[in-house]
Amino acid sequence: MFEKMNLQLFAWSEGQAGEPTVNPINVTTQSSLSPTMKTFYDTTLLENAREQMIFTQFGKKQAMKGNKIEWRKFNTFAKALTPLTEGVIPTGQTFGMTNIEGTITQHGDFTAVSDRLELESYDDVIFGATEEMGAAEGETYDTLTRNILVAGNSVMYCPNGDTEVESRANVTKDCILTPDVVSRAATWLKKNKAPKIDGYYVAIIHPSVAFDLRKSEEWKDFHKYSDVTPIFKGEIGELHGVRFIECNEAKIWKDSGSAVYATLFLGKDAFGILDPEGEGMEMIVKTKGQIGGPLEQFSTIGYKFCHGAKILYQERLLRVESGSFYSDIDEAN
């Protein structure tokens, strides 16, 4: 674990002729992290707000092969509606397979902690930095997956009352996600024969859009008389056979004035991802004795991962774009 990162930190001056140029290291010191110093001893560390890996949990995981990620799916057969003729061998159908490939990118980041801060801080700053880096790693991975999914081909725009909307540019804050739109989205998945996930379709929804949906009488009535036990991370409820997963990182666009939100409706194996438990993710911690220079002045905590994701079935993923009561104040993400 401790031998996977080799940073050139000293030996040459930056820009010295004939020698490599080294980016400066931002070291967290006493002055830059003063609240952690041993001044007050009655203290509790507060956990920063973070998202779980919401999008990633629904991907079909695949291991990396060389420098790419690859999925295969069998082609379907047409129905045999023509009656057989006695003694005549039918033409038959060709059995085939489709190969789907995705690109892989590598991402990572790190922070450095000074020896003085590590020595004099009341809190375990290395442990704290490791936790926060781990959270940043997961959120980065999930956002990269989200960005691929919202570029899918299938989209539906929430109407403005009884008026249909034909493009994102015409979506306003009054184009809210209603139970009727949820039913239409579920029907679209059914008509495309999208298989369900544990018996349900799934929708990943922003809290602002969930606020609008929860105000509907249909949502209130269903949850008043139904005991819906969550089965997915982030789940907030069910309607029309769709389980809703709330996520602050659900995509928001805001090119001019009013925010537009993407709610992703998913069937089973709609997309694939590089397995984060395999080649995907690793945390890298270097002690000051390993990385801190000739005087062992700092430690480093970082992460790196490979990411790959691909929509496998466009007909199993529907992006529903809407406005919200909060469209005027929410920002793009």
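What you see is a predicted model; the values in this text were computed from it and never measured.
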Please list, chain by chain and in numerical order, all residues satisfying salt bridge (charged side-chain N to carboxylate O under 4.0 Å, His left out) with E218, sequence neighbours excluded.
none
List the atom of P207, the atom of C247, and the distance in Å for their closest heavy-atom pair.
CD-O, 3.4 Å
Across all chains, not counting sequence neighbours, the side-chain hydrogen bond (donor to acceptor under 3.5 Å, both in side chains) partners of E235 are R243
Expected output: side-chain Q57 to main-chain K233 donor-acceptor under 3.5 Å:
yes
Who pairs with T91 by side-chain hydrogen bond (donor to acceptor under 3.5 Å, both in side chains), at least two apart in sequence or on another chain?
none
Heavy-atom pair with the smallest gap, counting every atom of I69 and G308
CD1-O, 4.4 Å
ring-ring contact (aromatic ring centres under 6.0 Å, His included) partners of residues 152-194, not counting sequence neighbours, each pair once
none
Can a donor-acceptor pair be found, under 3.5 Å and without considering hydrogens, that links the side chain of S216 to the backbone of L213?
yes
By side-chain hydrogen bond (donor to acceptor under 3.5 Å, both in side chains), which residues pair with R184, not counting sequence neighbours?
none
Within 6.0 Å of NZ in K191, more than 12 heavy atoms from elsewhere:
no
Heavy-atom pair of closest approach, residues D330 and A259:
O-CB, 3.9 Å
Parallel, tilted or perpendicular, judged at 30° and 60°: which one describes the rings of F305 and H307?
perpendicular
Those residues that, when tested against D174, pass side-chain contact (heavy atoms from CB on, under 4.5 Å) (two or more places apart):
N160, T172
Taken in chain and number order and not counting sequence neighbours, the residues that satisfy side-chain contact (heavy atoms from CB on, under 4.5 Å) with K173 are S258, S327, D328
At what distance, to the nearest 0.5 angstrom, does CG of D275 lie from NZ of K61?
6.5 Å
Pairs in or reaching into residues 231-256: which pass ring-ring contact (aromatic ring centres under 6.0 Å, His included), with residues at least two apart or in two chains?
F58-F232, W219-F244
Given the rule in the side chain to side chain contact (heavy atoms under 4.5 Å, CB included) test, do I204 and L266 qualify, once you have shown the distances and angles that lead to the verdict?
CA-CA 8 Å; I204 302 177; L266 304 170; 4.1 Å; yes
With N99, which residues qualify under side-chain contact (heavy atoms from CB on, under 4.5 Å), at least two apart?
E70, R72, E101
NZ of K254: more than 12 outside heavy atoms within 6.0 angstrom?
yes
Minimal heavy-atom distance between K196 and K268, with the atoms involved, is O-CB, 3.5 Å
For M283 and M133 the tightest heavy-atom approach is CE-CB, 3.7 Å
Please round to the nearest 0.5 Å and tell me the distance separating atom CD1 of I273 and atom CG of L144.
11.5 Å
Give every residue pair that meets the ring-ring contact (aromatic ring centres under 6.0 Å, His included) criterion with at least one member in residues 191-215, sequence neighbours excluded.
H206-Y261, F211-F325, F211-Y326
List the atom of S299, the atom of K288, and the distance in Å for their closest heavy-atom pair.
OG-N, 3.1 Å
Is there a donor-acceptor pair under 3.5 Å between the side chain of S154 and the backbone N or O of Q314?
yes
Please determine whether the number of non-hydrogen atoms from other residues, nucleotides or ligands lying under 6.0 Å from atom NZ of K310 exceeds 12.
no
Quick check on K193: does its NZ atom have over 12 non-hydrogen neighbours (other residues, nucleotides or ligands) under 6.0 Å away?
no
Counting C-beta onward and ignoring hydrogens, is there a side-chain heavy-atom pair between I301 and F110 closer than 4.5 Å?
no
Qualifying residues under side-chain hydrogen bond (donor to acceptor under 3.5 Å, both in side chains), relative to N75, sequence neighbours excluded:
T98
With sequence neighbours excluded, what pairs up with Q93 under the side-chain contact (heavy atoms from CB on, under 4.5 Å) test?
F77, A78
Heavy-atom side-chain proximity of E246 to I54 below 4.5 angstrom
no
With a 3.5 Å distance limit and no angle check, can you tell me whether N333 reaches the backbone of I252 through a side-chain donor-acceptor pair?
yes
